[in-house]
Colleague: 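Have a look at this one.
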Amino acid sequence: MVRAYIRFLLFICFSGMFSMSCLVHAEEEKKGPTVQYHSLTPAFVTNIGDPNAKKLKFVKTDISLKVMSNEAISAIQSHDPLIRHTIVMMLNKQVDEEITVLDGQETLRLKMLEQVNAALKEETGKNHIDDLLFTTFIVQR
């Protein structure tokens, strides 16, 4: 009788733990992927405009990438030099009159997101970045 009671209690305990783990797992599936941000460090500092001008002009910007998976973070870390090169080359081509206004910065941000994703897709076969954010943006004329 005592053995049957102990078996019954063990059955209740284990079935309770199993249903709790199922609930936790189901809850995790409902949440979906988790948003993560990856900061590209160090900051980007490069000259802009005409390199033959009397006075050089510079831009300094900090950039963070919004992703939805650990796989994307891994791809970004693996291809960091490619991403940084793409961004620096785009910044070098900018004209200060365009990037000192908000519309110009937004246009640059969207083009940069597109080109960085294209470079990553060429290497990995996937678009990994959901958004590209300027966390600082300074232009020195």
Colleague: Who clusters with Leu102? Use side-chain heavy atoms, under 4.5 angstrom, across I, L, V, M, F, W and Y, and order the result by chain and number.
Modeller: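 Via sub-4.5 Å side-chain contacts, Leu102 links to none.
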Colleague: Got a sec, which residues hit salt bridge (charged side-chain N to carboxylate O under 4.0 Å, His left out) with Asp80, two or more places apart in sequence or on another chain?
Modeller: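 Partners of Asp80 by the salt bridge (charged side-chain N to carboxylate O under 4.0 Å, His left out) criterion come out as none, since no residue qualifies.
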Colleague: Do Val95 and Val139 share a hydrophobic cluster, counting only Ile, Leu, Val, Met, Phe, Trp and Tyr and linking them when any side-chain heavy atoms are less than 4.5 Å apart?
Modeller: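 No, it is not one cluster - the side chains of Val95 and Val139 are not joined through contacts under 4.5 Å.
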Colleague: If you round to the nearest 0.5 Å, how far is CD1 of Ile87 from CG of Leu132?
Modeller: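 Between Leu132 CG and Ile87 CD1, I get 5.5 Å after rounding to 0.5 Å.
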Colleague: Taking the side chain as every heavy atom from C-beta outward, state whether Ile73 and Gln36 have any atom pair closer than 4.5 Å.
Modeller: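 Yes; the side chains approach each other to less than 4.5 Å.
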Colleague: Can a cation-pi geometry be assigned to Arg109 and Phe134, taking NZ or CZ under 6.0 Å from the six-membered ring centre and within 45° of the ring axis?
Modeller: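 Because its charged atom misses either the 6.0 Å distance or the 45° angle limit, Arg109 does not stack over Phe134.
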Colleague: Please round to the nearest 0.5 Å and tell me the distance separating atom OG1 of Thr124 and atom NE2 of His128.
Modeller: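 The distance works out to 3.0 Å.
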Colleague: Is it true that Ser64 and Ser39 share a donor-acceptor pair across their side chains at a distance under 3.5 Å?
Modeller: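 Yes, because at least one side-chain N or O of Ser39 sits under 3.5 Å from a partner of the opposite role on Ser64.
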Colleague: Treat each ILVMFWY residue as a node, draw an edge where side-chain heavy atoms are under 4.5 Å apart, and state whether Met89 and Val59 are in one component.
Modeller: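 Met89 and Val59: one cluster.
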Colleague: Heavy-atom distance under 4.5 Å between the side chains of Leu65 and Tyr37, does that happen here?
Modeller: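 Leu65 vs Tyr37: side chains apart.
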Colleague: For the backbone of Ile99 and the side chain of Gln105, can you confirm whether one donor and one acceptor N or O come within less than 3.5 Å of each other?
Modeller: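 Looks like yes, one N/O pair under 3.5 Å.
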Colleague: Without swapping roles, check the side chain of Thr46 against the backbone of Asn92 for a donor-acceptor pair under 3.5 Å.
Modeller: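 No, Thr46 side chain to Asn92 backbone: no donor-acceptor pair under 3.5 Å.
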Colleague: For the CD atom on Glu114, are there more than 12 heavy atoms of other groups (residues, nucleotides or ligands in this structure) within a distance under 6.0 Å?
Modeller: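 Not more than 12 within 6.0 Å, no.
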Colleague: Report, as yes or no, whether the 6.0 Å neighbourhood of atom CD on Glu122 holds more than 12 heavy atoms from other residues, nucleotides or ligands.
Modeller: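 No.
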Colleague: If we only count heavy atoms from C-beta on, is the Phe44 to Lys60 side-chain gap below 4.5 Å?
Modeller: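 Phe44 vs Lys60: side chains apart.
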Colleague: How long is the gap from NZ on Lys111 to CD on Glu106, to the nearest 0.5 Å?
Modeller: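 So the NZ of Lys111 and the CD of Glu106 are separated by 12.0 Å.
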Colleague: In terms of hydrophobic clustering (I, L, V, M, F, W, Y; side-chain heavy atoms under 4.5 Å; direct or indirect links), are Ile138 and Ile48 co-clustered?
Modeller: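 Different clusters: Ile138 never reaches Ile48 through Ile, Leu, Val, Met, Phe, Trp or Tyr contacts under 4.5 Å.
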Colleague: If every non-hydrogen atom of Ala43 is compared with every non-hydrogen atom of Asp62, which pair is closest and at what distance?
Modeller: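 Smallest heavy-atom distance, with atoms named: CB-OD1, 3.0 Å.
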Colleague: Working to the nearest 0.5 Å, report the span between CG of Leu91 and CZ of Phe58.
Modeller: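 So the CG of Leu91 and the CZ of Phe58 are separated by 13.0 Å.
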Colleague: Taking side chain as C-beta onward, heavy atoms only, is Met68 less than 4.5 Å from Thr34?
Modeller: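 No, their side chains stay 4.5 Å or more apart.
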Colleague: Closest heavy-atom contact between Ile63 and Thr135?
Modeller: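 Answer, listing the atom of Ile63 first, then Thr135: N-OG1, 4.1 Å.
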Colleague: Measure the spacing between CG of Leu120 and CD of Glu123 and express it to the nearest 0.5 Å.
Modeller: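 The CD atom of Glu123 is 8.0 Å from CG of Leu120, to the nearest 0.5 Å.
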Colleague: Once you round to the nearest 0.5 Å, how far does CG of Asn47 lie from CG of Leu56?
Modeller: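 Separation between the atoms: 6.0 Å.
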Colleague: Does this structure show an ion pair linking Lys57 with Asp96, if we count only N-O contacts that are shorter than 4.0 Å?
Modeller: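 Answer for the salt bridge query: yes.
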Colleague: Leu82 and Ala119: which non-hydrogen atoms are nearest, and at how many Å?
Modeller: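 In this case the closest contact between Leu82 and Ala119 is CD2-O, 3.7 Å.
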Colleague: Taking the side chain as every heavy atom from C-beta outward, state whether His38 and Gln77 have any pair of such atoms under 4.5 Å apart.
Modeller: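 The answer is yes, as the side chains (C-beta and beyond) meet within the 4.5 Å cut-off.
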Colleague: Are the side chains of Leu40 and Arg84 in touch, meaning some heavy atoms are under 4.5 Å apart?
Modeller: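 A side-chain contact under 4.5 Å exists here.
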Colleague: Following the transitive rule for hydrophobic clusters with a side-chain heavy-atom cut-off under 4.5 Å over Ile, Leu, Val, Met, Phe, Trp and Tyr, establish whether Leu108 and Val45 coincide in one cluster.
Modeller: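 Different hydrophobic clusters.
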Colleague: Shortest non-hydrogen contact from Ile129 to Leu113?
Modeller: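 Shortest heavy-atom contact: CG2-CD1, 3.6 Å.
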